[in-house]
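Predicted model, so just to flag it, every value in this text is computed and none were measured. Index from 1, following the sequence.
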Amino acid sequence: GPRMLYTDTGGPQPVRLQENLPSQKFRREEKCERKPSGCPFAFHNPPQRQNCKIMLQNLFCNSRSSLAKKPWRDFFDKLNIGRGTGMETTKTFQELGVSEEILRALEKKGVAMPTRVQEEAIPPLLAWRDVIAKAPTGTGKTFAFGIPMIEHIDPQSDDLQGLILAPTRELAIQIGDELRGLLTFSKKIRVAVVYGGAKIESQIKQLEKHPQIVVATPGRLMDHYKRKTLRLDRVQTVVLDEADRMLDMGFFDDVTHIIEKIKNRRNLGLFSATISQEVMTVSWMYQRDEVEITVQPDAENRPDITQYSITCPPLEKIDTAMKLLRTMGFERTIIFCNTKVMCQRLSDDFRRAGIDADCIHGDIPQQKREKTMRTFKDGKLPILIATDVASRGIDVDDVDCVLNYDIPEENEYYIHRIGRTGRAKRKGVAISIIGTLPEQAKLDEIAKYSHYQVQPVRFLEDGTLVEAERKKPQAPASRRRFRR
């Protein structure tokens, strides 16, 4: 008979970023280096290695199709020269050089040991190195760049010294809260959060208190810069969090303009769950001798997310979603839609059916969005419906299930969606509702591109949810040829 739901399935396979190679600062007269063992290519000196790296990166970025990018990533893996995993030993925060005040704050928050991305990113950032880091969602990237930035702040100075850019208002607020938690025992360091959709007067009052760290969305930061309510000439550290999403949303010109205004910048950090062409472009333009960090989604840090799909007629998707929620009995669920209209419509239909649900999207006023997010985080709202833009600011550890009402348009969006569950070593479930053949094809492409295993499920007549058989690809029918 069919197996019941909640069986273990496989997860994503690691995709590594290219190796951290020396920059073009090396001079030609440097001594030649021997080819390290295990390297399939011989690069006789650092300039040759760097030139080959740039050439291949350009080829990689000209591959527009998301499926076409995979072969180039595999090819980059072969260019990793003399690299170990960098993760053989686990250090404590104290061994990483973290100050006593932050150690006490971490202890108060219940954080005992650093995650992989924190262990690899904190030392180079403390040494004023540029960093580009690719790590799965929920692996602690905020502390990875927040701790070094706080350590570099001079509390006696009123100058703005650290700048963090985030793609959405929700994520900016979340980062600000995390930094204030780290500053529990460092009262002299002030943090301000500025974002669009809120009254600018209250934000100006925050900036008049001379914060040393500002967390901002790019558009609102440019507004304050033009109003001369903040100065960027003393900023030393710049961090782009969720860099791929921010640049995807059309902030490329604003981000590059902001970075160019910071003349005294000492290091730049790029943190993201995926590395897009735009992120690599920013890295090439503004980073020098950067440290490249890739945290592979291995058994230790990979979110434990079981993925399912269920097929139904397009007009029955709402009923199927309600049936899934009632059958599974999850305490906290996030439902993702592709558009603001569908997000609002689904929320209204749920409420009419007596289901306690609310939504957040770009057309909702900021105060109401913040109130909805607080209600969801406090456990008073069991179902939150959101668009992809709002998803980056959702940082709740105990989300039981992510429901994809619409299959996302981009492969990376799917990765970020399901990353809202299975956080903090908890087990999560992701379910995608498929209503059309194009949606099925898109989900198959995502699974192939991301090395995910998505198990089809179906409802029996008695309402029991069971696993369905995977459909095998059919061979194309032979065509009969006719002679003229």
Side-chain angles (χ1 to χ4, degrees), residues 93-109 111 114 118-119 121-131 133 140-166 172-195 203-218 220-221 224-225 227-241 255 258-271 286-291:
F93 281 108
Q94 191 170 8
E95 292 172 331
L96 295 177
V98 177
S99 64
E100 184 63 30
E101 291 80 4
I102 293 183
L103 288 175
R104 291 168 59 194
L106 291 170
E107 183 180 358
K108 183 177 180 180
K109 294 175 71 69
V111 180
Q118 293 164 5
E119 181 181 346
I122 289 176
L125 286 174
L126 285 175
W128 297 106
R129 298 282 302 278
D130 290 339
V131 169
K141 292 191 288 290
T142 304
F143 284 2
F145 61 75
I147 291 175
M149 179 176 287
I150 292 173
E151 297 286 5
H152 286 153
I153 297 298
D154 178 10
Q156 304 302 324
S157 173
D158 289 337
D159 295 327
L160 175 59
Q161 303 166 49
L163 176 64
I164 302 172
L165 296 179
I173 295 171
Q174 179 66 38
I175 294 173
D177 293 340
E178 295 287 348
L179 293 180
R180 293 187 182 102
L182 291 173
L183 293 170
T184 304
F185 302 98
S186 305
K187 301 296 185 182
K188 293 184 179 180
I189 300 178
R190 297 172 294 278
V191 178
V193 182
V194 297
Y195 47 84
Q203 297 176 0
I204 292 176
K205 292 180 180 179
Q206 287 188 62
L207 297 174
E208 288 175 349
K209 298 179 181 178
H210 303 289
Q212 291 96 343
I213 299 175
V214 166
V215 186
T217 54
R220 181 50 62 95
L221 183 72
H224 283 287
Y225 181 78
R227 290 170 176 258
K228 298 183 178 181
T229 53
L230 58 76
R231 297 176 57 180
L232 301 176
D233 56 328
R234 300 294 179 88
V235 174
Q236 299 182 83
T237 301
V238 181
V239 171
L240 273 61
D241 192 20
V255 168
I258 291 169
I259 296 176
E260 288 171 359
K261 292 293 182 183
I262 304 173
K263 304 298 183 182
N264 296 317
R265 172 176 54 86
R266 296 185 64 179
N267 62 344
L268 171 64
L270 304 177
F271 288 79
Y286 300 109
Q287 289 188 321
R288 296 294 178 268
D289 195 18
E290 69 275 11
V291 176

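Taking CD1 from Ile173 and OH from Tyr195, the interatomic distance works out to 4.0 Å, rounded to the nearest 0.5 Å. Here the straight-line distance linking atom CG of Leu183 with atom CD1 of Ile150 works out to 4.0 Å at 0.5 Å rounding. Within the model, atoms CZ of Arg234 and CG of Asp159 stand 4.5 Å from one another, a figure rounded to the nearest 0.5 Å. Between the CD atom of Glu101 and the CG atom of Leu106 there is a distance of 11.5 Å, given to the nearest 0.5 Å. Atoms CD and CE, from Gln236 and Met149 in turn, are 10.0 Å apart once rounded to the nearest 0.5 Å. The NE2 atom of His210 sits 10.0 Å away from atom CG of Leu207, with the distance rounded to the nearest 0.5 Å.
At least one donor-acceptor pair closer than 3.5 Å links the side chain of Gln212 to the backbone N or O of Ser157. Looking at Lys187, its side chain does come within 3.5 Å of a backbone N or O of Thr184 through a donor-acceptor pair. One N or O on the side chain of Gln161 and one on the backbone of Asp154 form a donor-acceptor pair closer than 3.5 Å. Looking only at distances, a side-chain donor or acceptor of Glu151 sits under 3.5 Å from a matching main-chain atom of Ser99. Between the side chain of Thr142 and the main chain of Ile175, no donor-acceptor pair closer than 3.5 Å is present. Between the Arg190 side chain and the Lys209 main chain, a donor and an acceptor come within less than 3.5 Å of each other.
You'll find the side chain of Pro155 reaches within 4.5 Å of the side chain of Ile189, heavy atoms only. Using a 4.5 Å heavy-atom threshold, the side chains of Lys261 and Ile258 count as separate. Looking only at side-chain heavy atoms (C-beta outward), Thr237 and Trp128 come within less than 4.5 Å of each other. Between Lys141 and Val239 there is no side-chain heavy-atom pair separated by less than 4.5 Å. A heavy-atom distance below 4.5 Å is found between the side chains of Arg220 and Gln203. The closest side-chain heavy-atom distance from Leu230 to Leu221 is below 4.5 Å. Residues Val238 and Tyr286 fail the side-chain proximity criterion, which asks for heavy atoms closer than 4.5 Å. Side-chain contact check for Asn264 versus Leu232: every heavy-atom pair is 4.5 Å or farther apart.
Scanning all heavy atoms of the two residues, the minimum distance from Val191 to Arg180 falls at O-NH2, 3.3 Å. In plain terms, the two heavy atoms of Phe271 and Ala144 that are nearest each other are CE2-CB, 4.1 Å. Between Leu125 and His152, the closest heavy-atom pair is O-CE1, 2.8 Å. The two residues Arg227 and Ile204 make their nearest non-hydrogen contact at NH1-CD1, 4.5 Å. When all heavy atoms of Ala105 and Gly181 are compared, the pair lying nearest together is CB-O, 3.6 Å. Closest heavy-atom contact between Glu119 and Pro123: O-CD, 3.2 Å.
None of Asp130, Val131, Leu270, Leu268 except one satisfies the side-chain contact (heavy atoms from CB on, under 4.5 Å) rule with Glu290; the exception is Asp130.
Among residues two or more places apart in sequence or in another chain, the salt bridge (Lys or Arg N to Asp or Glu O under 4.0 Å) test is passed with Arg231 by Asp233.
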Going through the distances and angles, do Ile147 and Leu96 end up as a side-chain contact (heavy atoms from CB on, under 4.5 Å)?
CA-CA 11 Å; Ile147 291 175; Leu96 295 177; over 6 Å; no
Please evaluate residues Val235 and Val214 with respect to the criterion side-chain contact (heavy atoms from CB on, under 4.5 Å), reporting the C-alpha separation (whole Å), side-chain torsions for both, the decisive distance (0.1 Å), and the verdict.
CA-CA 10 Å; Val235 174; Val214 166; over 6 Å; no
side-chain contact (heavy atoms from CB on, under 4.5 Å) for Ile102 and Phe93? Distances and angles first, verdict last.
CA-CA 9 Å; Ile102 293 183; Phe93 281 108; over 6 Å; no
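In Lys108, the NZ atom is not crowded: 12 or fewer heavy atoms of neighbouring residues, nucleotides or ligands sit closer than 6.0 Å. In this structure, Glu107 places its CD atom where only 12 or fewer heavy-atom neighbours from other residues, nucleotides or ligands lie under 6.0 Å away.
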